[in-house]
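Taking it in order: structure first as structure tokens, then the write-up.
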Amino acid sequence: MIELTGLKKYYDERCVLDLTALTIADGESFALIGPNGCGKTTLLRLLAGTLKPEKGTLDIGGLERGEIGYLPQQPYAFDLSVLQNVELALAGEQNRKRLAMKALERVGMEDLRHARGNRLSGGEAQRMALARVLARPRKLLLLDEPTASADILAIDRIERALSEYQNETGCTLVFSSHAPSQALRLSSRVLALDGGRIGELGKTEEVLQNPCAESTRVFLKHWKI
Ligand code: ADP
């Protein structure tokens, strides 16, 4: 279980995240939505351990680094083949090539295995990075806008890959999205952030179809189910 209390993150003395309390259950699919700058990336980075909070407590249930898969919004690609880029996530494993191919197949990238990883389109690079994350069994997936640069077909492929992976591994999934419909398809609960604070938190369907907070209503104003 992920549990945080009184969590505050500051940049240059400006508080950008201020969460009183939040728990996310093991195996849960949890979405973060809200306008640009509301703190989604910051929260994911705190959960991934790449940032430290200035105040409060954050407990991710004793997970070790290798058990957490973090997909940043702009993932790094090495000047290697796509397959080798994915194999890098499998250091120390036997059958690295087979596991890397399986991960590429999951995200529909097997035909691009010989392409240079650092010459891919934005959407392809993001899918390659996702393959790197999904190459190992993880207990917690933290995905920052996993389909931000993807076209409709790639979005469908990625969402199916995530659902399959979660069914197989029982992992917890926390992801950010600017698309409320994606939150509806992939998550059971959603946190709508408002200026770094909890704007609204609840079952995805309820929050999206009947938002209580004014900030969520404004965010969802131009979106129809
Ligand atoms: P979101 O992912 O919802 O777009 P972020 O978590 O990226 O929001 O950013 C939250 C706030 O923190 C924004 O106002 C952003 O400008 C600020 N911020 C993020 N990273 C830094 C940084 N490294 N230095 C200073 N301010 C930052």
Side-chain angles (χ1 to χ4, degrees), residues 2-24 28-60 65 68-77 122-123 125-127 129-130 132-133 138 140-150 154-155 158-159 162 172-202 204 207-208 211-223:
I2 295 172
E3 199 164 12
L4 57 89
T5 321
L7 197 79
K8 290 193 184 191
K9 177 69 199 165
Y10 291 82
Y11 282 121
D12 310 320
E13 294 177 21
R14 182 167 70 99
C15 185
V16 298
L17 202 65
D18 180 0
L19 301 176
T20 45
L22 176 67
T23 57
I24 300 173
E28 191 172 1
S29 260
F30 192 86
L32 304 172
I33 60 168
N36 290 340
C38 69
K40 302 181 293 295
T41 296
T42 303
L43 176 53
L44 286 167
R45 291 191 59 198
L46 285 164
L47 294 172
T50 61
L51 280 181
K52 295 279 170 242
E54 271 70 44
K55 283 190 184 158
T57 59
L58 172 57
D59 179 0
I60 57 162
R65 222 172 174 68
I68 302 171
Y70 171 54
L71 179 74
Q73 229 176 84
Q74 275 142 4
Y76 189 77
Q126 208 177 21
R127 265 193 294 162
L130 184 62
R132 214 150 50 195
V133 168
R138 315 277 187 179
L140 174 60
L141 288 188
L142 302 167
L143 311 179
D144 201 349
E145 302 256 5
T147 58
S149 322
I155 290 174
I158 291 168
E159 290 184 356
L162 291 176
T172 310
L173 169 63
V174 184
F175 68 98
S176 63
S177 181
H178 62 267
S181 44
Q182 182 165 65
L184 202 56
R185 288 192 295 274
L186 283 185
S187 71
S188 54
R189 275 199 312 147
V190 66
L191 167 60
L193 284 164
D194 174 21
R197 293 169 185 264
I198 294 175
E200 196 158 350
L201 172 65
T204 309
V207 170
L208 296 186
C212 297
E214 180 57 20
S215 58
T216 323
R217 274 202 286 270
V218 170
F219 179 68
L220 296 173
K221 196 167 146 197
H222 297 291
W223 177 70

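The analysis underlying the following values was restricted to heavy atoms, covering all of them including side chains, and did not include hydrogens, waters or symmetry mates. Indexing begins at 1, ligand by ligand and atom by atom, following the structure's order.
The closest approach between a heavy atom of Gly34 and any atom of ligand 1 is not below 4.0 Å. Arg14 counts as a contact of ligand 1, since one of its heavy atoms falls under 4.0 Å from the ligand.
Of all protein heavy atoms, the one lying nearest to atom 4 (O) of ligand 1 is Gly37 N, 2.7 Å. Ranking protein heavy atoms by distance to atom 24 (N) of ligand 1, first place goes to Tyr11 CD2, 3.5 Å. Considering only non-hydrogen protein atoms, atom 7 (O) of ligand 1 sits nearest to Thr41 CB, 3.5 Å.
At a heavy-atom distance under 4.0 Å, atoms from both the backbone and the side chain of Thr42 approach ligand 1.
Where the criterion is an N or O separation shorter than 3.5 Å, residue side chain and backbone included, Lys40 meets it with respect to ligand 1.
No donor-acceptor pair closer than 3.5 Å links the side chain of Glu200 to the backbone N or O of Ala192. The backbone N or O of Pro35 sits less than 3.5 Å from a side-chain atom of Lys40, completing a donor-acceptor pair. One N or O on the side chain of Thr204 and one on the backbone of Ser187 form a donor-acceptor pair closer than 3.5 Å. The backbone N or O of Glu145 sits less than 3.5 Å from a side-chain atom of Gln126, completing a donor-acceptor pair. The backbone N or O of Tyr10 sits less than 3.5 Å from a side-chain atom of Glu54, completing a donor-acceptor pair.
With ligand atoms numbered from 1 in the order given, ligand 1 contributes 4 (O) to contacts under 4.0 Å with heavy atoms of Asn36. Ligand-side atoms of ligand 1 in range of Cys38: 1 (P), 3 (O), 8 (O), range being under 4.0 angstrom from any heavy atom. Atom numbering of ligand 1 starts at 1 in the shown order; those under 4.0 Å from a heavy atom of Val16 are 11 (C), 12 (O).
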Check the pair Phe175 / Leu162 against side-chain contact (heavy atoms from CB on, under 4.5 Å), numbers first and verdict last. CA-CA 11 Å; Phe175 68 98; Leu162 291 176; over 6 Å; no
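Summarising the geometry, atom CD belonging to Gln74 is positioned 9.5 Å from atom CG belonging to Asp144; distances are rounded to the nearest 0.5 Å.
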